[in-house]
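Quick notes on the structure that follows.
Quick note on labels: first sequence line is chain A, next is B, and so on, each numbered from 1.
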There are 2 protein chains.
Amino acid sequence: MIEYSNQTRMLVSVDCVVIGFDGEDYKLLLIQRGFEPEKDKWSLMGGFLQPSESLDEAAQRILFELTGLRNVYMEQLHAFSHPNRDPVERVIGMTYFALIDIKQYAKQLCDHFQPNWFKMKSLPALIFDHQNMVDLTLKQLRYKAALHPILFELLPKKFTLPQLQILYEGLYDIPIDKRNFSRKVLSTGIISRKQEKDKSKSKKGAYFYTLNQESYHAQFQRVLNFIPKNEIPPSVESDQKDRAVLLEG
Amino acid sequence: MIEYSNQTRMLVSVDCVVIGFDGEDYKLLLIQRGFEPEKDKWSLMGGFLQPSESLDEAAQRILFELTGLRNVYMEQLHAFSHPNRDPVERVIGMTYFALIDIKQYAKQLCDHFQPNWFKMKSLPALIFDHQNMVDLTLKQLRYKAALHPILFELLPKKFTLPQLQILYEGLYDIPIDKRNFSRKVLSTGIISRKQEKDKSKSKKGAYFYTLNQESYHAQFQRVLNFIPKNEIPPSVESDQKDRAVLLEG
DNA sequence: ACAAAAGTGTTGTTTCTACACCCATGC
DNA sequence: GCATGGGTGTAGAAACAACACTTTTGT
């Protein structure tokens, strides 16, 4: 048999929601769409799935082509499939999300396509249903980060406890008690303190920490509790796949 | 513009992992594939995405066509996309999973296609990558059920605490202390005791309970803890989307 | 009367939250 | 010397796990 008869074939796009954190705000990486329709409007990093690649491979390829980044934390999130989501023709939109160290990106920036960071709180209008993809990513991120140490993916190799705390406070838009927070994080053993201090933000300076890779991977499956239970946002439902894959370039 | 040029269109299939529980064992609903290749081999409930329907709609349609069931708990799980996963041609496999009350199904059984229940522990060989889909579903179910009261979807309207406990014990293959278990479950307020008892399994009889819909939906987002923390299987990673949608037929 | 399953309470341990002061430094 | 942000400890409350006996009733 050569093919299935009487069935409709359709395009499959991969759209990557690329999230960064600059120490203060969550940022989203957007690009100006290079072709019609909606040419020059802001869009997620996207492209069409090619015949010889899997979705994971396509997501990596697209991210690399548009940003120059590899070896980034990435997950398949959800398929958006409304028949008219793309006005041109039927396109199934597979959403992936990526968490990246924004400074790492600054180095490797491939600005041929001039992607741009926008503050998550003030995004421009996005094409098609891309805003839905972003919304779902944030929901997923809030859910997952409440249970697993995923946010470390957004930080540079060396980071401080105050930085980490701001990261969590920003995601849930809540204040967190620093004593309880540091006790919880340190008790897991996933980070270790360095001699060195970051003096850029205070006179006293804050100790740098680094991730313990082994402990990090071990803890990843465990259900943690960095966020006070009552603060886990009710909008966050359940659901999840398990696929925390560190895609390898 | 009429269509995107120079891009490859492909088939999209929807495959439903339909899970039931008969009071003792987890069961999987399989069907004998109706067309070549692999005709008459055991397969998940599947079909091709049609031009006018979304994936959610396709999943509902397929489940209904093959089993006669509507209004069933269903989630989009993951897209399987290896280029050669179907030997005939490129097909993107969208996996959904459904949890159903097996007795409800017995009533509404549409046996035109003769689907068959198999014990999860002794499945026949499945076509293509369907076993991977089942494996991922179980992983997801174990993860999610440890945090959210999702397993109630597998029980009939009226059920007993011993039944519920067997359901949890079976999923994780662990024994659970019935005193702690009942205290935890009851303290959430998601079920209420009826006068009536189930005397089919003991002389003394076990009280029937029913779900409190309001409380159930309210609790659904909360992170629960029916399973002792150390028993949450380490194989279960993180990841999830949030999409606990009760698809409406 | 006894076997089989259902139901229920207590205790010690751990984990959580709430909360306030001293420290180090650059200016 | 003082303002700024960084670091640390304790105590009361809540949640958890471990554990064993009594109840019901069909035979």
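Atom CZ of A:F97 is separated from atom CG of A:L99 by 5.5 Å, given to the nearest 0.5 angstrom. From A:I62, atom CD1 reaches atom CD1 of A:I31 across 10.5 Å, with rounding to the nearest 0.5 Å.
The existence of a salt bridge linking B:R179 and B:D177 is confirmed by a sub-4.0 Å separation between a basic side-chain nitrogen and an acidic carboxylate oxygen.
Across the protein-nucleic acid pair, A:D198 atom CG and D:dG6 atom P stand 9 Å apart, rounded to whole Å. If you take CZ of A:F226 and P of C:dT15, they are 14 Å apart, rounded to a whole angstrom. The nearest whole Å value for the distance from the CZ atom in A:F181 to the P atom in D:dT8 is 14 Å.
Taking the side chain to side chain donor-acceptor pair (under 3.5 Å) definition, one finds that B:D135 meets it with B:Q131, sequence neighbours left out. A:K158 meets the side chain to side chain contact (heavy atoms under 4.5 Å, CB included) test with A:E196, A:F208, A:T210; sequence neighbours excluded.
Nearest heavy atom pair, residue B:Q163 against residue B:F21, reads O-CE2, 4.5 Å.
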Generate the contact string for nucleotides 1-12 of chain C. Rules: B means base contact, S means sugar-phosphate contact only, - means no protein heavy atom under 4.0 Å. ----BBBBBB--

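A sub-4.0 Å separation between OP1 or OP2 of C:dT17 and a side-chain N or O of A:K184 is present.
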